[in-house]
There are 2 protein chains.
Amino acid sequence: MNLENTKAQMRKGILEFCILALLSQKEAYASELIQTLKDAKLLVVEGTIYPLLTRLKNDGLLSYRWEESTSGPPRKYYLITQLGKDFLSELTTTWKQLTDSVNKVTRG
Amino acid sequence: MNLENTKAQMRKGILEFCILALLSQKEAYASELIQTLKDAKLLVVEGTIYPLLTRLKNDGLLSYRWEESTSGPPRKYYLITQLGKDFLSELTTTWKQLTDSVNKVTRG
DNA sequence: AACAGGTACTCTGTATTGCATGGTACTATT
DNA sequence: AATAGTACCATGCAATACAGAGTACCTGTT
């Protein structure tokens, strides 16, 4: 039993929610999202976020456009779609219910 | 992209926490835990909880004792160990940090 | 123009876990 | 003895976070 492992498991399914929420506020590219999540103490690495973004895009929740950068290779800016906004709305409800339930159970 | 699937993913890693928390309040057997979690709207089924309890026991976080029942087969009552209490304490901190971080990110 | 360093994106394989499903065993009731 | 209810257990699958290795582009220095 490993605390780090359990932490990782707790994060499962939450990243989708966080990324949709961030992109609903403003468009961003992957490295930018990683930095934002790190600042919020939600550890994420490249190998996690790139497949996730691709998955969300393939499911129609996100779209993207290329943009040139003055300090490196071009960036893939991701935008949330209407479908993504609808899904985010449901996830928000789900998250609230989940935290309520957990807090109820764990506070005895 | 499936909401039910995402919900299931969000639940990952949280069950450990809930079960340790419940057992820190009082000992219980599997079916009893399932009912408690269902009442709190945290869906759990047998196929999920039995392997989890076994895992927690094998890791030394739980122990158990058999007790006869007047209305069916004997029950395996699980108890939290000192190691389990220590782990629960860390999980509590982890859960707080996680919800704080998610709420910060998703409320923009 | 060749090279180094930084930035950005991609792919593969692994470990873990929630869950569906089916099965075993014990008790009480009919 | 047959059925229904309760409790426990085992197997296999699907999904995902992550490590690690790799590709490609740009800028600045030599």
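A quick note: this is a predicted structure, and the numbers were derived from the prediction, not measured. Labels below follow one simple rule: chain letters A, B, ... track the order of the sequence lines, proteins then strands, and each chain is numbered from 1.
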Check the distance between [N]'s [atom2] and [X]'s [atom1] and give it to me in whole angstrom.
X	N	atom1	atom2	value
B:Leu56	D:dC8	CG	C1'	16 Å
A:Gln9	D:dA15	CD	C1'	11 Å
B:Ile14	C:dT16	CD1	C1'	15 Å
B:Leu53	C:dG18	CG	P	11 Å
B:Leu43	C:dT17	CG	P	20 Å
B:Leu98	D:dA17	CG	P	12 Å
B:Met10	D:dA17	CE	C1'	15 Å
A:Glu68	D:dT27	CD	C1'	14 Å

message: On the six-membered ring of B:Tyr64, is B:Lys76 placed so that its NZ or CZ lies under 6.0 angstrom from the centre and within 45° of the ring axis?
response: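 Verdict for B:Tyr64: a cation-pi partner in B:Lys76.
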- prompt: Is the shortest side-chain N/O distance from B:Arg55 to OP1 or OP2 of C:dT16 below 4.0 Å?
  reply: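 Checking C:dT16 against B:Arg55, no side-chain N or O comes under 4.0 Å of OP1 or OP2.
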message: For a quick test of reading the model: is some side-chain N or O of B:Asn5 closer than 4.0 Å to OP1 or OP2 of D:dT16?
response: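 True: B:Asn5 side-chain N/O within range (under 4.0 Å) of D:dT16 OP1/OP2.
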message: Using the side chain to side chain donor-acceptor pair (under 3.5 Å) criterion, which residues pair with A:Thr48? Sequence neighbours excluded.
response: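 If we apply the side chain to side chain donor-acceptor pair (under 3.5 Å) test to A:Thr48, skipping adjacent residues, there are no hits.
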query: Hey, does B:Glu67 reach any base, or is it just sugar-phosphate, or nothing, if we go heavy atoms under 4.0 Å?
result: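 No contact.
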- prompt: Are B:Leu88 and A:Leu3 linked, directly or through other ILVMFWY residues, by side chains that come within less than 4.5 angstrom of each other?
  reply: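 Cluster IDs for B:Leu88 and A:Leu3 match.
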task: Check the surroundings of atom CZ in B:Arg65: do more than 12 heavy atoms from other residues, nucleotides or ligands lie under 6.0 Å from it?
output: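 Atom CZ in B:Arg65 is crowded, with more than 12 foreign heavy atoms closer than 6.0 Å.
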message: Nearest 0.5 angstrom please: A:Leu22 CG to A:Glu27 CD, how far?
response: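 It comes to 13.5 Å.
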query: Taking atom CG of A:Leu43 and atom CD1 of A:Ile34, what is their separation to the nearest 0.5 Å?
result: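 One finds 11.0 Å between CG of A:Leu43 and CD1 of A:Ile34.
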message: Can you build the contact string for nucleotides 6-11 of chain C? Use B for base contact, S for sugar-phosphate-only contact, and - for no protein heavy atom under 4.0 Å.
response: BBSBBB
field: All pairs passing salt bridge (charged side-chain N to carboxylate O under 4.0 Å, His left out) where residues 44-57 of chain A contributes a residue, at least two apart
entry: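 Qualifying pairs, neighbours excluded: A:Glu16-A:Arg55.
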